[in-house]
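Below is one structure, written out as structure tokens; comments come after it.
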Amino acid sequence: MSHNILIAGCGGIGLQLALTLSTHHQVYGLKRNAATLPDHISPISADLTDPSSLRGKLPSTLDYVVYCLSAPTFSDQAYHDIYVAGLNNLLNEIQQVGLIPKRLFFVSSTSVYQQDDNEWV
């Protein structure tokens, strides 16, 4: 059974997940510059810190959402913008358009650990 899956944040982890899931599911990749995504991932260009950039861009159905963004800098404001405001903006847009995903998965930062070169934590 194929599902419609939104990966919000297609950086290192999100892109690998999108590539893996896209072999059996319809995957939408949301990032600021979605033009860089591979052809078999449906691109959505939006900045989740700017709710207006997301309006009218979500697919008509979503089964699952994976929130996998990372903060651009190591500051309280950047973490708040991505993990609080950005998530709220996405949830508000999902609600506004009447989508009811079965699950939302939240992938948080591992920046609290010293590993910073794709090492295992």
Side-chain angles (χ1 to χ4, degrees):
M1 169 183 262
S2 181
H3 297 288
N4 290 328
I5 302 169
L6 172 66
I7 310 286
C10 281
I13 295 170
L15 180 57
Q16 290 304 312
L17 179 61
L19 291 170
T20 300
L21 293 174
S22 68
T23 61
H24 292 67
H25 303 284
Q26 174 64 50
V27 176
Y28 299 88
L30 187 153
K31 61 186 293 184
R32 287 186 192 109
N33 181 9
T36 62
L37 292 173
D39 290 339
H40 53 285
I41 298 175
S42 299
I44 301 173
S45 290
D47 179 350
L48 290 179
T49 64
D50 174 10
S52 66
S53 74
L54 189 57
R55 288 197 187 104
K57 294 188 177 176
L58 295 180
S60 59
T61 61
L62 275 179
D63 298 303
Y64 298 97
V65 175
V66 179
Y67 193 85
C68 190
L69 276 75
S70 60
T73 61
F74 300 112
S75 70
D76 290 346
Q77 186 64 51
Y79 284 114
H80 180 271
D81 290 347
I82 293 299
Y83 296 119
V84 178
L87 179 59
N88 280 330
N89 292 337
L90 178 59
L91 292 174
N92 286 338
E93 185 65 18
I94 286 171
Q95 183 179 27
Q96 284 288 92
V97 297
L99 295 172
I100 305 173
K102 295 174 186 171
R103 295 256 190 270
L104 182 139
F105 298 93
F106 182 90
V107 180
S108 69
S109 173
T110 58
S111 292
V112 296
Y113 300 103
Q114 67 184 4
Q115 291 83 355
D116 63 2
D117 192 24
N118 292 323
E119 301 162 274
W120 282 96
V121 175

> From K57 NZ over to L30 CG, what is the distance, rounded to the nearest 0.5 angstrom?
Replying inline: 8.5 Å

>> Let me confirm one number: the CD-OG distance from Q26 to S2, rounded to the nearest 0.5 Å.
In response: 7.0 Å

>> Quick check: do I82 and T49 have side-chain heavy atoms less than 4.5 Å from each other?
In response: yes

> Atom CD1 in I44, atom NZ in K31: separation rounded to 0.5 Å?
Replying inline: 13.0 Å

> At what distance, to the nearest 0.5 angstrom, does CG of D81 lie from CG of D76?
Replying inline: 10.5 Å

>> A side-chain contact here means heavy atoms from C-beta on lying under 4.5 Å apart; do I94 and I100 qualify?
In response: no

>> Testing the 3.5 Å rule here: is there a donor-acceptor pair between the side chains of T61 and N4?
In response: yes

> Should we say atom NE2 of H40 is surrounded by more than 12 heavy atoms from elsewhere, each under 6.0 Å from it?
Replying inline: yes

>> So L90 and V65, do their side chains get closer than 4.5 Å, heavy atoms only?
In response: yes

Can you list, pair by pair, the side-chain donor-acceptor contacts under 3.5 Å of residues 5-22, counting residues two or more places apart and other chains?
unit_1 : atom_1 : unit_2 : atom_2 : d
T20    : OG1    : Q16    : O      : 3.0
S22    : OG     : A18    : O      : 3.2
S22    : OG     : L19    : O      : 3.0

> Do you know the tightest heavy-atom contact between L54 and N89?
Replying inline: CD2-O, 4.2 Å

> Taking all atoms of both residues into account, what is the closest heavy-atom pair of R55 and E93, and its distance?
Replying inline: CA-OE2, 3.5 Å

> Taking atom NE2 of H80 and atom CG of L87, what is their separation to the nearest 0.5 Å?
Replying inline: 11.0 Å

>> Return the OG to CG distance between S42 and L37, rounded to the nearest 0.5 Å.
In response: 9.5 Å

> For the residue pair G29 and I41, what are the closest heavy atoms and their distance?
Replying inline: N-CG2, 3.6 Å

> Which atom names give the shortest non-hydrogen contact between A71 and Y83, and what distance separates them?
Replying inline: N-OH, 4.0 Å

>> Enumerate the ring pair (Phe, Tyr, Trp, His ring centres under 6.0 Å) contacts for residues 51-72, please, sequence neighbours excluded, ordered by first and then second residue.
In response: H3-Y64, Y67-F106

